[in-house]
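Small disclaimer: the values here were computed from a predicted structure and weren't measured. The chain is numbered in sequence order, starting from 1. First listed ligand is number 1; within each ligand, the first listed atom is number 1.
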Amino acid sequence: MLHSALINVMVKAARRAGRSLKRDLGEVENLQVSLKGPANFVSLADKRAEQMLLEDLTKARPGYGFIGEEGGVRAGDDKTHTWIVDPLDGTTNFLHGIPQFAISIGLQREGTIIAGLIYNPANDDLYIAERGKGAFLNDQRLRVAGRRKLGECVIACGLPHIGRGDHDLSRLEMTEIQNKVAGLRRFGAAALDMAFIAAGRLDGYWERNLQPWDMAAGQIIVREAGGIVSGIEGDDDPLKTGNVVCGNEFIHAELVKILKPLGK
Ligand code: IPD
Ligand code: CA
Ligand code: CA
């Protein structure tokens, strides 16, 4: 399939960093048995991947700004374009050798995300989208699931871990949703949760307290697959509030109806 020059740049960068993460995943699996544990090693793997993405993306598009989870904000001369990058989304999974993690690259132009890529090097699933051009998984066009009844839906969520977020609220939300759906899941990589919405594997997803790099690519991939992405208020911008709900228009609306009042 022919991609735009922009998507080619993103894919090339993601595949190089992905090879590095995949090698490091093999190493993590060996380190699991060592006494020192693999946590430091994973944080190095994470930084190494970000460094590669920074090098390749800034080489191909000099001047664009770069916001990466590991390295913070690097302003560029071109004030209109910014890469928003998570070099390793799903760190806890990676650390435990669970192959549900991804590189996430979003490109923002004057406040709007115009391109996104999510790549899981463990199974080579590559999701891409460009504004107005649709979303694709390994070159196959994506469309969100069409289910309209929550009782038939598989919904994913995030769970705040130790010392983070509001655990009581999270439990309350889970209980409410659990009572109404066919299945509730927690996969542990926000970018892939959103990619799964675009691919129609999941019908809905919500999570609070995320960062822009968790969602920038996912947002455009879901929208280009015909889905709705918003904050939990229903009309807020997830990149600003850090809260996200997505699904097709019916399931998105159902989830907002349940979740919005709980957060008050
Ligand atoms: C995390 C994952 C996880 C979500 C966390 C994120 P990280 O990102 O996306 O699914 O629940 O809130 O921080 O730390 O693995 O890049
Ligand atoms: Ca992340
Ligand atoms: Ca990360």
Side-chain angles (χ1 to χ4, degrees), residues 13-14 17-18 20-22 24-25 28 38-54 57 66-73 83-106 113 116-122 125 127 154-167 169-171 173-174 177 184-198 201-202 204-222 229 231-232 238-246 259 263:
S20 166
L21 283 181
K22 201 171 173 184
D24 288 338
L25 179 70
V28 166
N40 290 337
F41 178 81
V42 168
S43 114
L44 281 178
D46 209 342
K47 292 200 174 80
R48 201 163 25 234
E50 181 163 316
Q51 186 55 33
M52 286 181 185
L53 294 166
L54 174 69
L57 295 173
F66 186 100
I67 299 174
E69 180 172 17
E70 300 307 314
V73 180
W83 299 109
I84 305 179
V85 172
D86 191 340
L88 173 55
D89 184 55
T91 324
T92 309
N93 285 345
F94 187 89
L95 181 61
H96 287 254
I98 299 169
Q100 181 75 359
F101 59 88
I103 289 167
S104 173
I105 305 173
I113 306 293
L117 172 152
I118 295 171
Y119 176 52
N120 181 351
D125 273 356
Y127 303 82
V154 175
I155 306 290
C157 62
L159 295 177
H161 40 80
I162 189 165
R164 294 258 296 270
D166 182 336
H167 289 214
L169 176 58
S170 163
R171 273 189 289 272
E173 290 178 340
M174 266 199 300
I177 303 283
L184 186 59
R185 301 283 184 272
R186 184 343 176 201
F187 290 110
L192 286 175
D193 290 331
M194 295 181 80
F196 280 17
I197 294 286
R201 294 175 176 167
L202 282 170
Y205 162 64
W206 91 96
E207 183 159 358
R208 290 183 188 271
N209 299 317
L210 289 174
Q211 299 293 333
W213 46 78
D214 298 316
M215 300 177 278
Q219 174 174 306
I220 186 165
I221 293 172
V222 171
V229 184
I232 288 176
L239 295 183
K240 296 204 172 102
T241 60
N243 302 327
V244 68
V245 188
C246 53
L259 296 167

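Under the 3.5 Å distance criterion, the side-chain polar atoms of N243 are matched with a main-chain donor or acceptor of N209.
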Practice problem: Take V222 and Y205, measure what side chain to side chain contact (heavy atoms under 4.5 Å, CB included) needs, and give me the verdict at the end. | Solution: CA-CA 11 Å; V222 171; Y205 162 64; over 6 Å; no
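Proximity of L169 to R208: side-chain heavy atoms (C-beta onward) are separated by under 4.5 Å at one or more points. D125 has its side chain out of reach of L192: every pair of non-hydrogen atoms, C-beta onward, lies at least 4.5 Å apart. When side chains are defined from C-beta on, M194 counts as touching V229, because their heavy atoms get closer than 4.5 Å. Looking at E50 and F66, their side chains come closer than 4.5 Å, going by heavy atoms from C-beta outward.
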Under 3.5 Å, which donor-acceptor pairs do the side chains of residues 85-94 form with other protein atoms, sequence neighbours left out?
unit_1: D86; atom_1: OD1; unit_2: L88; atom_2: N; d: 3.1
unit_1: D89; atom_1: OD2; unit_2: A190; atom_2: N; d: 2.9
unit_1: D89; atom_1: OD2; unit_2: A191; atom_2: N; d: 2.8
unit_1: N93; atom_1: ND2; unit_2: Q100; atom_2: O; d: 2.8
unit_1: N93; atom_1: ND2; unit_2: F187; atom_2: O; d: 2.9

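Using a 4.0 Å cut-off between charged side-chain N and carboxylate O, R48 and D24 make a salt bridge.
Among protein atoms, those of element N, O or S found less than 3.0 Å away from the Ca ion (ligand 2) are D86 OD2, D89 OD1, D214 OD1.
Under the ring-ring contact (aromatic ring centres under 6.0 Å, His included) criterion, W206 pairs with no residue at all, not counting sequence neighbours.
Taking a heavy-atom cut-off of under 4.0 Å, ligand 1 is surrounded by E69, D86, L88, D89, G90, T91, R164, R186, G188, A189, A190, E207, L210, D214.
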